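Below: the structure, in structure tokens.
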Amino acid sequence: MPDTVRLAALSDIHYSKSSQGSLQPLFTQIAEAADVMLLGGDLTDYGLAEEAKILAKDLAPVKIPVVAVLGNHDYESSEEREISTILTDVGVHMLDGDTWEYHDVGFAGVRGFCGGFGRKALGPWGEKIIKDFVHEAVQEALKLESALARLKSDHRIVLMHYSPIRATVEGEAPEIFPFLGSSRLEDPLTRFDVTAVFHGHAHKGAPEGRTQTGIPVFNVAHAVLQKNYPDGPGFRLFEVHTGSRDEDSVTPIGDRRQRGRRATDRGDDEPIANPSPS
Ligand SMILES: [Fe+2]
Ligand SMILES: [Fe+2]
């Protein structure tokens with residue numbers, strides 16, 4: 001069994017009808033650098049099966065395992081099932097409350113949902129439509145919890161579209177924070193002592209944060225990476241140290257430069273943003 005497993009993480013690629021070939025060089029680069037590719041939702045722009053076919057074509061030559069979840073854009077045209085099937089047919093592991101394991105690293109994935117963070121989160125009270133809205137986030141958290149309960153590996157990596165914490169949506173307009181994620185998604189992460197979390201959706205959010213118990217959370221939305229790592233390759237690369245199990249057993253590697261920070265070739269020693277008080 002290898003000592004390290006390399007993960008390349010990226011989200012919100014929003015493939016459209018005109019995207020054919022656009023990220024193929026990036027996918028080739030990922031396949032050369034990593035053992036596993038993670039795609040955190042908003043795989044398509046309008047949620048069209050046609051867009052998923054174009055993405056599937058670009059992903060087909062990628063020979064490393066690809067793990068993905070759907071995002072809200074993938075639901076826009078009610079063709080999400082077809083999108084999942086198209087991508088599954090080219091070998092993508094589509095996770096929707098499901099798990100997948102690679103050596104001693106387990107992956108659990110859900111889309112997640114919104115509702116806000118901390119004590120200001122929306123509660124299931126009043127109109128039925130509000131209760132239904134909150135129920136959706138609760139259901140996603142339950143799906144994640146039962147997926148995590150099935151994983152036997154020492155390392156548990158979670159992939160989702162929405163954010164489980166406030167820190168990685170900061171940078172967006174505060175008015176839309178409640179639509180970018182939900183603290184309800186944080187509870188299962190804590191309960192199952194997850195190793196690291198990857199998400200997207202908040203295109204103007206922050207790249208790193210931590211849960212209240214210190215679990216690292218990475219917002220790998222394409223736009224976030226382009227803004228914060230302008231000299232980087234357009235994805236983030238991480239090493240999971242399979243022999244150790246502490247809060248730094250997943251470390252970013254190869255981040256060329258983070259805007260506003262000292263230039264560095266290795267991101268391992270870079271601090272992760274403090275969690276927000278929400
Ligand atoms: Fe997106
Ligand atoms: Fe999204």
Side-chain angles (χ1 to χ4, degrees), residues 8-19 22-23 26-27 30 37-52 54-55 58-59 66-84 87 92 94-97 109-117 121-122 133 136-137 139-141 143-144 158-186 197-209 217-229 232 234-236:
L10 172 63
S11 183
D12 298 77
I13 56 176
H14 289 261
Y15 249 57
S16 69
K17 290 179 186 174
S18 60
S19 293
S22 61
L23 290 188
L26 189 79
F27 294 151
I30 287 175
M37 186 197 307
L38 306 180
L39 289 175
D42 282 359
L43 308 171
T44 62
D45 207 18
Y46 284 89
L48 296 167
E50 193 183 341
E51 295 170 328
I54 292 166
L55 174 60
D58 281 1
L59 282 174
V66 181
V67 180
V69 295
L70 294 178
N72 56 318
H73 277 247
D74 304 313
Y75 283 74
E76 170 60 18
S77 304
S78 301
E79 295 181 7
E80 65 273 6
R81 284 190 181 186
E82 220 176 323
I83 291 172
S84 285
L87 294 171
V92 179
M94 297 298 302
L95 305 185
D96 177 19
V110 288
R111 181 197 65 220
F113 198 57
C114 39
F117 302 100
L122 187 64
F133 187 89
E136 181 70 10
Q139 281 303 112
E140 288 295 296
K143 267 202 283 189
L144 176 59
V158 168
L159 180 63
M160 57 175 88
H161 184 60
Y162 288 87
S163 178
I165 60 167
R166 181 188 153 125
T168 48
V169 308
E170 279 176 11
E172 297 274 5
E175 290 86 347
I176 65 165
F177 280 12
F179 309 119
L180 299 173
S182 165
S183 290
R184 293 174 200 278
L185 299 164
E186 184 177 348
V197 183
F198 299 93
H199 75 86
H201 189 53
H203 292 207
K204 293 179 184 164
E208 300 181 351
V217 178
F218 300 96
N219 176 356
V220 290
H222 199 212
V224 169
L225 304 189
Q226 285 178 316
K227 183 181 171 212
N228 288 276
Y229 308 98
F235 60 90
R236 281 194 88 189

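Both ligands and their constituent atoms are indexed starting at 1 by order of listing. Keep in mind the model is a prediction, meaning the values are calculated, not measured.
- For His201, the N, O or S atom closest to the Fe ion (ligand 2) goes by the atom name ND1.
- Checking His14 against the Fe ion (ligand 1), an N/O/S atom falls under the 2.8 Å cut-off.
- For Glu172 (side chain) and His203 (main-chain N/O), a donor-acceptor pair under 3.5 Å exists by modelled atom type.
- Residue Asn72 counts as close to the Fe ion (ligand 2), with an N, O or S atom under 2.8 Å.
- Taking the side chain as every heavy atom from C-beta outward, Phe117 and Glu186 never approach each other to under 4.5 Å.
- Inspection of the Asp42 and His14 side chains reveals an N or O donor paired with an N or O acceptor under 3.5 Å.
- The number of heavy-atom neighbours closer than 6.0 Å to OH of Tyr46, taken from other residues, nucleotides and ligands shown, is 12 or below.
- Checked for salt-bridge contact, Asp96 and Arg111 miss the test: no charged N lies under 4.0 Å from a carboxylate O.
- Counting backbone and side-chain atoms alike, His73 contributes no N/O/S atom closer than 2.8 Å to the Fe ion (ligand 2).
- Summary: OD2 is the N/O/S atom of Asp12 found nearest to the Fe ion (ligand 1).
- Looking only at N/O/S atoms, Asp42 comes nearest to the Fe ion (ligand 1) through OD2.
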